[in-house]
Amino acid sequence: MTLTIDTKLKLNSGYDIPQLGFGVYQTPPSDTARCVSEAVKAGYAHIDSAALYRNEGACGQAIRSFSREKIFFTTKIMPYTLGYESVQSQIDRMLNETGLGYLDLVLIHAPYGGSAKRKESWKALVEAVEAGKVRSIGVSNYGVAHLDELERHIAELEEERGGKGKGGVISVGQWEIHPWCPRDDIVEWCKKRNIAVEAYCPLVQGNRWGEPIVKKLAEKHGKSEAQILIRWSLQTGLVPLPKSVKSERIVANAQVYDFELTEEDMKSLDTGVYEHVSWDPTTAPLKD
């Protein structure tokens, strides 16, 4: 398949998600609307926020100035606040603050809280989908053990709530993923179930600038090291979420469709390393 900035993936919910996203982690709320507006003008049609980022309202402000249906908006439940009523109230707050009418995707940001709270939270998300408040749901930073547990919870909810589909469907999972933290086990788990895999920190927070293999590929293709890493994500089948507050980088990070990494290039980025640069809740115990 030829990749373009308009490439979308079909989710288990039936909705489409643009493969290239724009992240706003650590973007100051006062600067978020500008960054999101510039991103949309540069061709991004997918904005990734979270309750933790404190900038959902500014994202909504920017999105409302464009065609709502053309922009895919993601947010996430605040970590350490899981629970049925908590998730219900957070979704209502998100809708109120963004003014978007519906949320394209809501993720449980982290698995902290224990099995019962995770199940309650998932149930609240399922009901939000049924109520038309949310279109697709998923998780972030779950380890394979948490994912296996979620499948059990979905089966339990189907039985408790009266049938197939009543437990909801996992559409998206989001993790830190890049050549130095590929998370092969999690990616394989998701791909077997057609769950879209999003990659935050696709640029490794700049910690790998000057890495010989990335520098070599950048020189070979006449691209920046950031563009090489974003292209790696896209060709791996991931949904990368690069972020920046600098106008020129917002634009440049979307200019990754006029070249292609060869099979050899892709293999050269198979580092065999597992080094995350952000938090790693995937290792959280099932029982908190």
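Within the 3.5 Å criterion, the main-chain N or O of Pro179 finds a donor-acceptor partner in the side chain of Thr271. In this structure, the side chain of Asn96 does not engage the main chain of Asp92 through any donor-acceptor pair within 3.5 Å. Proximity of a side-chain donor or acceptor of Trp189 to a complementary backbone N or O of Gly143 within less than 3.5 Å is not detected. Side chain of Arg118 to backbone of His146: no donor-acceptor contact under 3.5 angstrom is found. With Gln227 contributing its side chain and Ala252 its backbone, the two residues share a donor-acceptor pair below 3.5 Å. Between the side chain of Asp265 and the backbone N or O of Thr262 there is at least one donor-acceptor pair closer than 3.5 Å. In terms of modelled atom types and a separation under 3.5 Å, the side chain of Arg231 and the main chain of Phe259 share a donor-acceptor contact. Of the possible polar contacts, none joining the Asp16 side chain to the Lys8 backbone as a donor-acceptor pair under 3.5 Å is found. Between the Ser37 side chain and the Ala33 main chain, a donor and an acceptor come within less than 3.5 Å of each other. Remark: the backbone N or O of His178 is not paired with any side-chain donor or acceptor of Trp232 at under 3.5 angstrom.
Enclosure of atom CD in Glu130 by more than 12 non-hydrogen atoms of other residues, nucleotides or ligands within 6.0 angstrom is indicated. Other residues, nucleotides and ligands place more than 12 heavy atoms under 6.0 Å from the CD atom of Glu248. For CZ of Arg161, the number of neighbouring non-hydrogen atoms (other residues, nucleotides, ligands) closer than 6.0 Å is greater than 12. Around NZ of Lys220, the count of heavy atoms belonging to other residues, nucleotides or ligands within 6.0 Å exceeds 12.
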Point to revise | Audit row: Ile77, Leu107, side-chain contact (heavy atoms from CB on, under 4.5 Å) steps and yes/no | key: CA-CA 6 Å; Ile77 301 301; Leu107 305 175; over 6 Å; no

Point to revise | Derivation and outcome, side-chain hydrogen bond (donor to acceptor under 3.5 Å, both in side chains), residues His276 and Thr282 | key: CA-CA 11 Å; His276 58 88; Thr282 64; over 6 Å; no

Exercise for review: With side-chain contact (heavy atoms from CB on, under 4.5 Å) as the test, would you mind laying out the steps for Leu103 and Leu95 before giving the verdict?
Suggested key: CA-CA 7 Å; Leu103 304 168; Leu95 287 167; 3.7 Å; yes

Exercise for review: Show the numbers, then the answer: is there a side-chain contact (heavy atoms from CB on, under 4.5 Å) between Leu20 and Val239?
Suggested key: CA-CA 6 Å; Leu20 178 66; Val239 178; over 6 Å; no

Practice item. Go through the steps to decide whether Asp48 and Gln174 satisfy the test side-chain hydrogen bond (donor to acceptor under 3.5 Å, both in side chains), and finish with yes or no. Key: CA-CA 11 Å; Asp48 181 85; Gln174 185 180 124; 3.0 Å; yes

Point to revise | Working for side-chain hydrogen bond (donor to acceptor under 3.5 Å, both in side chains), residues Asp6 and Thr4 | key: CA-CA 5 Å; Asp6 297 317; Thr4 73; 4.5 Å; no

**Study point:** Leu261/Ile228 under side-chain contact (heavy atoms from CB on, under 4.5 Å): CA gap, chis, key distance, verdict
**Key:** CA-CA 8 Å; Leu261 297 175; Ile228 294 297; 4.1 Å; yes

Practice item. Could you walk me through whether Arg93 and Glu56 pass the salt bridge (Lys or Arg N to Asp or Glu O under 4.0 Å) test, one step at a time? Key: CA-CA 10 Å; Arg93 178 197 57 75; Glu56 296 160 299; 2.9 Å; yes

Point to revise | Residue pair Ser49, Asn55: steps toward the side-chain hydrogen bond (donor to acceptor under 3.5 Å, both in side chains) verdict | key: CA-CA 7 Å; Ser49 184; Asn55 54 20; 2.8 Å; yes

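Cluster annotation: Val245 and Leu52 are assigned to distinct hydrophobic clusters (Ile/Leu/Val/Met/Phe/Trp/Tyr, side-chain heavy-atom contacts under 4.5 Å, transitive).
Side-chain atoms of Leu269 and Leu217, non-hydrogen and from C-beta on, do get closer than 4.5 Å to each other. Residues Thr32 and Cys59 meet the side-chain proximity criterion, which asks for heavy atoms closer than 4.5 Å. A heavy-atom distance below 4.5 Å is found between the side chains of Ile137 and Val129. You'll find the side chain of Glu225 stays beyond 4.5 Å of the side chain of Leu203, heavy atoms only. With a 4.5 Å cut-off on side-chain heavy atoms, Arg183 and Glu176 count as touching. Side-chain contact between Leu150 and Trp122: present, with at least one pair of heavy atoms (C-beta onward) separated by less than 4.5 Å. At a threshold of 4.5 Å between non-hydrogen side-chain atoms, the residues Arg208 and Val214 do not count as touching. By the 4.5 Å heavy-atom criterion applied to side chains, Thr74 and Ile47 are not counted as neighbours.
Annotation: the span from Ile195 atom CD1 to Leu9 atom CG amounts to 13.0 Å, rounded to 0.5 Å. Interatomic distance, Ser140 OG to Lys76 NZ, rounded to the nearest 0.5 Å: 6.0 Å. Note that OH of Tyr53 and OH of Tyr25 are 7.5 Å apart. Values are rounded to the nearest 0.5 Å. The line from CD of Glu38 to OG of Ser244 is 9.5 Å long, rounded to the nearest 0.5 Å.
A ring-centre distance under 6.0 Å is found for Trp279 and His109.
A side-chain donor from one of Asp280 and Tyr274 sits under 3.5 Å from a side-chain acceptor of the other.
Of all heavy-atom pairs between Cys35 and Thr27, the closest is SG-CG2, 4.2 Å. His46 and Pro18 make their closest contact through ND1-O, 3.0 Å (heavy atoms, listed as atom of the first residue, atom of the second, distance). Closest of all the heavy-atom pairs between Ile108 and Ser121 is CD1-CB, 4.0 Å. Looking at every heavy atom in both residues, Leu157 comes nearest to Gly167 through CB-CA, 3.8 Å. Across Gly138 and Leu125, no two heavy atoms sit closer than the pair O-CD1, 4.3 Å. Contact record, Gln205 with Val277: OE1-O, 3.5 Å, taken as the closest heavy-atom pair.
Checked for salt-bridge contact, Arg135 and Glu69 meet the test: a charged N lies under 4.0 Å from a carboxylate O. A salt bridge does not link Glu211 to Lys216: none of the charged nitrogens lies less than 4.0 Å from a carboxylate oxygen. Salt bridge annotation for Asp31-Arg34: present, with a cationic side-chain nitrogen under 4.0 angstrom from a carboxylate oxygen. Salt bridge absent: Arg152 and Glu156 never bring a charged side-chain N and a carboxylate O closer than 4.0 Å. Taking a cutoff of 4.0 Å between a charged side-chain nitrogen and a carboxylate oxygen, Lys119 and Glu149 do not qualify as a salt bridge.
A cation-pi arrangement is present between Arg68 and Tyr102 under the rule of less than 6.0 angstrom and at most 45 degrees off the ring axis.
For the ring-ring contact (aromatic ring centres under 6.0 Å, His included) with Phe22, the lone residue among Tyr44, Phe72, Tyr200 that qualifies is Tyr44.
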Give every donor-acceptor pair under 3.5 Å between a side-chain atom in residues 81-88 and any protein atom, sequence neighbours left out.
unit_1: Thr81; atom_1: OG1; unit_2: Met78; atom_2: O; d: 2.5
unit_1: Thr81; atom_1: OG1; unit_2: Gln90; atom_2: NE2; d: 2.9
unit_1: Tyr84; atom_1: OH; unit_2: Gln88; atom_2: NE2; d: 3.1
unit_1: Tyr84; atom_1: OH; unit_2: Glu127; atom_2: OE1; d: 2.4
unit_1: Tyr84; atom_1: OH; unit_2: Glu127; atom_2: OE2; d: 3.4
unit_1: Ser86; atom_1: OG; unit_2: Thr81; atom_2: O; d: 2.6
unit_1: Ser86; atom_1: OG; unit_2: Gln90; atom_2: NE2; d: 3.1

